[in-house]
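Residue numbers begin at 1 in each chain, while the letters A, B, ... track the order of the sequences.
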Protein chains: 2
Amino acid sequence: MSKTTIYDIASELNITPSTVSRALSNHPRISARTKKAVREVATRLNYRQNSIAAALRSGKTNMLGIVVPTTDRSFFSSVIRSIEQVATASEYNVMITQSNDQEKMERSNIEALLRAQVDGVIASISRETSDYSHFRKLTDNGIPLVLFDRVADLNHTSIVRIDDYRGAYEATAHLIAQGCSRIAHFAGQQKLDIYQQRFRGYKDALQDHRIAFDEALLHYSNVKIEDGRAGMNTLLRLKSPPDAVFAASDYAAIGAMQVLKEKGKRIPEDVALIGFMNETFTSFVDPGLTTVDQLSKKMGEIAASTFLEQVECPDEFVSKKIILSPKLIVRGSSLKADSSSMESNS
Amino acid sequence: MSKTTIYDIASELNITPSTVSRALSNHPRISARTKKAVREVATRLNYRQNSIAAALRSGKTNMLGIVVPTTDRSFFSSVIRSIEQVATASEYNVMITQSNDQEKMERSNIEALLRAQVDGVIASISRETSDYSHFRKLTDNGIPLVLFDRVADLNHTSIVRIDDYRGAYEATAHLIAQGCSRIAHFAGQQKLDIYQQRFRGYKDALQDHRIAFDEALLHYSNVKIEDGRAGMNTLLRLKSPPDAVFAASDYAAIGAMQVLKEKGKRIPEDVALIGFMNETFTSFVDPGLTTVDQLSKKMGEIAASTFLEQVECPDEFVSKKIILSPKLIVRGSSLKADSSSMESNS
DNA sequence: ATTTGATGCGCAATCGATTGCATTATTGTG
DNA sequence: CACAATAATGCAATCGATTGCGCATCAAAT
């Protein structure tokens, strides 16, 4: 029992394949009667469109490629989920690939998507990437490209991200409001724009509150758990250690939390802690980790609909740059005045 | 500048497209000289195979579909990563979809993969699924299907999973060895085989060590955090509460851990705790959560290579059922005799 | 010198749907 | 009733690569 094609339907009804094709795609020039008949035979014969043939002829695959560093962060998987929702609502299928934060894999992922002839790509750039030629290959071939969160300023590309500066500023200001004055910062690699912004937000918040910036309280790293541990250990050895740490990533913050607990420090009384990303686990460590939520859901929706707009009218391209305002999620790790328990999840 | 095709290469060299096609696919009947020439022109003209056309003609898309409940558990994303590795090594691209543990989405995912005409599917069944007809649709169409972890006994299907029974048995035995005697169990939905097995393993371990099974210490749920919290709260209200909990999922275990901390209980002295899955966060909560590792990497490798074997010889199908032995990862939440620190990661 | 076999390549059909243009059916209008 | 206008369908090329079969060439073997 080989697959049924439009030819089978056509011969069954004594009409031509063209008519069947048009009937199935709801062409206005086909009579309602024929359409009905075709649809009936189609279901009866269990017809399923050969999207490959359609893609070959029409040049559209109805596939949307996604490239993310990894899927096992709730941020990324949540973005993906919401992209999927919007995309499938418009008959697009989604092809997900992971770069594992390696430029080489990112490259081969893009190659794969190019081979698969996706109609567009939504990506968040790998931590390692310094050469963007593979992304250009997409736009050069007229494939819409939307970057989110980890973005770069490329031609013919749209962007959606959060205001990292503001997120960092608010986090730092919150710590200050809690009475902290020696606030350390675990900064990410400054070649990534998001980490630069977070650093700036931190610095400006200090300045605006007349707190001197202290170089000794600053630690650059990959902001993974180990880095947070190392950073915290270093900080605790200072003659005047910090009374708060704002980490550019939840992972670094968790590393710091581990060390603090091991050393018998109280959180937030001795050292308050804030992360960034709102990873799932931040809500169930003890104490809950205050963090900055990145609006993954909205980000995915916007990225997907931006893509859709761009495929709709490929002729008139408009590069969108959308910046969302992040949301501070206050939990136990930073809340000293425990009178008001203002935990708030979205 | 439209895409270059084999026709362009052919006319450049005054040969036919067939020869070009054969040269590029390294056909033995093409001379080394022609192959070289073709390859050179191909790179010069920046030729990229139109895989859609190839797929249409050959009936092979070189795409492998994946269906998982969610990608944001480290178990699943790790399995995916290792599937990707094996698959791409054999020139296969991977298309990932998430069911969000909903039967309906699982169905539409399979439909999408069917439309995309993937050459095979590797899946882990959704928690909700009770009707497997969509999976049958695959095998009916001759598409190899490999199930992992959350499996079902379908025709013409291969399976790779861990020995959940043994994992549970060892976890329980470990608790007993640590001196626990009132061991509670948070069981998952018994319609899922893995949770049945884990329950059996728990029960048998008790029996083998002459500990009476106490119905009051058993809690069925979806083994999410809330369930763990609820279960632990109930247990603590018993007149003789448990001195250990073995949860069928890390999430339920974390919920229990939260409640224990809130009530001022010491872990593991008052209540020891073991989870299942070896989620990333289990290693950085405090104390570290003892858990059962599911060998995600190996599972992915086996699933992928099983798929590869089946596409190689579609004629002679052999249904493989592979069962791996899980590994108990002992951490602070269950280690009472803190003399030997036997943390072991893979 | 002829046969045999291997080697290298071309011809043309094919995969299944799409689509511009041509053609036929249908309806309405004067 | 004729003729235009419109609606509905058919024709045939096309997307780009693959592949079975056939033909030619050439070296080795008889």
Side-chain angles (χ1 to χ4, degrees), chain A residues 1-39 41-42 45-63 91 93 114-119 141-142, chain B residues 1-39 41-42 45-63 91 93 114-119 141-142:
Chain A
M1 65 157 237
S2 63
K3 304 231 171 68
T4 66
T5 73
I6 52 172
Y7 292 85
D8 303 325
I9 300 178
S11 63
E12 182 97 356
L13 290 169
N14 279 324
I15 54 179
T16 56
S18 357
T19 306
V20 175
S21 171
R22 290 194 173 98
L24 289 172
S25 57
N26 206 24
H27 193 286
R29 295 280 279 278
I30 300 294
S31 71
R33 206 145 66 103
T34 314
K35 282 180 187 168
K36 187 155 167 277
V38 167
R39 275 198 273 265
V41 177
L45 298 187
N46 196 22
Y47 169 79
R48 184 178 298 125
Q49 191 213 42
N50 183 332
S51 53
I52 306 247
L56 176 59
R57 175 61 224 235
S58 67
K60 276 200 54 180
T61 54
N62 269 48
M63 287 217 300
E91 311 268 71
N93 285 131
L114 228 29
R115 264 197 306 276
Q117 271 155 278
V118 294
D119 292 336
N141 284 42
Chain B
M1 62 156 240
S2 63
K3 303 234 172 67
T4 65
T5 72
I6 52 172
Y7 292 86
D8 303 323
I9 301 179
S11 62
E12 182 98 355
L13 290 168
N14 279 325
I15 55 179
T16 57
S18 353
T19 305
V20 175
S21 170
R22 291 197 172 96
L24 289 172
S25 58
N26 207 24
H27 193 285
R29 295 283 277 277
I30 301 295
S31 71
R33 202 143 72 101
T34 315
K35 281 180 187 169
K36 186 155 168 276
V38 167
R39 275 197 273 263
V41 177
L45 298 187
N46 194 24
Y47 169 79
R48 183 178 297 124
Q49 192 214 42
N50 184 332
S51 54
I52 304 244
L56 176 58
R57 175 59 225 234
S58 67
K60 277 200 53 178
T61 54
N62 269 48
M63 289 216 299
E91 312 268 71
N93 286 130
L114 229 29
R115 264 197 305 276
Q117 271 154 279
V118 294
D119 293 337
N141 283 44

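- Residue B/Gln117 places none of its side-chain N or O atoms closer than 4.0 Å to OP1 or OP2 of C/dG16.
- The separation between A/His27 atom NE2 and D/dG10 atom P is 14 Å, rounded to whole Å.
- Taking for each of B/Lys35 and A/Tyr7 the nucleotide of DNA chain C with the nearest heavy atom, the 5'-most of the two is the partner of B/Lys35.
- Summarising the geometry, the separation between CZ on B/Arg57 and C1' on C/dC15 is reported as 6 Å, rounded to the nearest angstrom.
- Here A/Asp8 lies out of heavy-atom contact (under 4.0 Å) with every strand.
- Side-chain proximity of A/Ser18 to the nucleotides C/dT19, D/dA17, D/dT9 is greatest for C/dT19.
- For D/dG16, the OP1/OP2 oxygens have no side-chain nitrogen or oxygen of B/Thr5 closer than 4.0 Å.
- Going from atom NZ of A/Lys36 over to atom C1' of D/dA8 covers 18 Å, rounded to whole Å.
- The side chain of B/Ser31 has C/dG8 as its nearest neighbour among D/dA17, D/dC15, C/dG8.
- Distance from the side chain of B/Thr34 is smallest to C/dC9 among C/dC9, D/dA17, C/dA17.
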What donor-acceptor contacts under 3.5 angstrom involve side-chain atoms of residues 19-26 of chain B, with partners at least two apart or in another chain?
unit_1: B/Thr19; atom_1: OG1; unit_2: B/Thr16; atom_2: OG1; d: 3.1
unit_1: B/Ser25; atom_1: OG; unit_2: B/Ser21; atom_2: O; d: 3.1
unit_1: B/Ser25; atom_1: OG; unit_2: B/Arg22; atom_2: O; d: 3.4
unit_1: B/Asn26; atom_1: OD1; unit_2: B/Lys35; atom_2: NZ; d: 3.1

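- Rotation axes derived from the C1' atoms of the five outermost pairs at either end of the helix from C/dA1-D/dT30 to C/dG30-D/dC1 lie 50° apart, to the nearest 10°.
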Notebook entry, point to check: Can you list the steps and then say if B/Arg48 with A/Leu114 is a side chain to side chain contact (heavy atoms under 4.5 Å, CB included)?
Noted result: CA-CA 9 Å; B/Arg48 183 178 297 124; A/Leu114 228 29; 3.6 Å; yes

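- Comparing A/Arg29 and B/Ser58 by the nucleotide of DNA chain C that holds the closest heavy atom to each, the one mapping nearer the 5' end is B/Ser58.
- The side-chain heavy atoms of A/Asp119 and A/Asn62, taken from C-beta on, include a pair separated by under 4.5 Å.
- The separation between A/Leu56 atom CG and D/dA17 atom P is 9 Å, rounded to whole Å.
- Computed from coordinates, the B/Asn50 CG to D/dT14 C1' distance equals 13 Å when rounded to whole Å.
- Evaluated for a side chain to side chain contact (heavy atoms under 4.5 Å, CB included) with B/Ile9, the options B/Thr4, B/Val38, B/Ile15 yield exactly one hit, B/Val38.
- With a 4.5 Å cut-off on side-chain heavy atoms, B/Tyr47 and B/Ile6 count as touching.
- Other residues, nucleotides and ligands contribute only 12 or fewer heavy atoms inside 6.0 Å of the NZ atom of A/Lys36.
- A 4.5 Å side-chain heavy-atom check between A/Asn50 and A/Lys3 finds every atom pair outside the cut-off.
- Side chain B/Arg22 to base C/dG10: a donor-acceptor pair is found below 3.5 Å.
- Nearest to the side chain of B/Ser21, among D/dT19, C/dT19, C/dG16, sits D/dT19.
- Across all non-hydrogen atoms, the minimal contact from A/Ala10 to A/Pro17 is CB-N, 3.6 Å.
- Put simply, CD1 on B/Ile6 is 5 Å from P on D/dA17, counting in whole angstrom units.
- Spacing between atom CD1 of A/Ile30 and atom P of C/dT26 amounts to 14 Å, rounded to whole angstrom units.
- The CG-P distance, from A/Asn14 to C/dA25, rounds to 15 Å in whole Å.
- Residue contacts for B/Ile15: at a heavy-atom cut-off of 4.0 Å it reaches the sugar-phosphate backbone alone, with no base atom in range.
- A sub-4.0 Å separation between OP1 or OP2 of C/dC9 and a side-chain N or O of B/Thr16 is absent.
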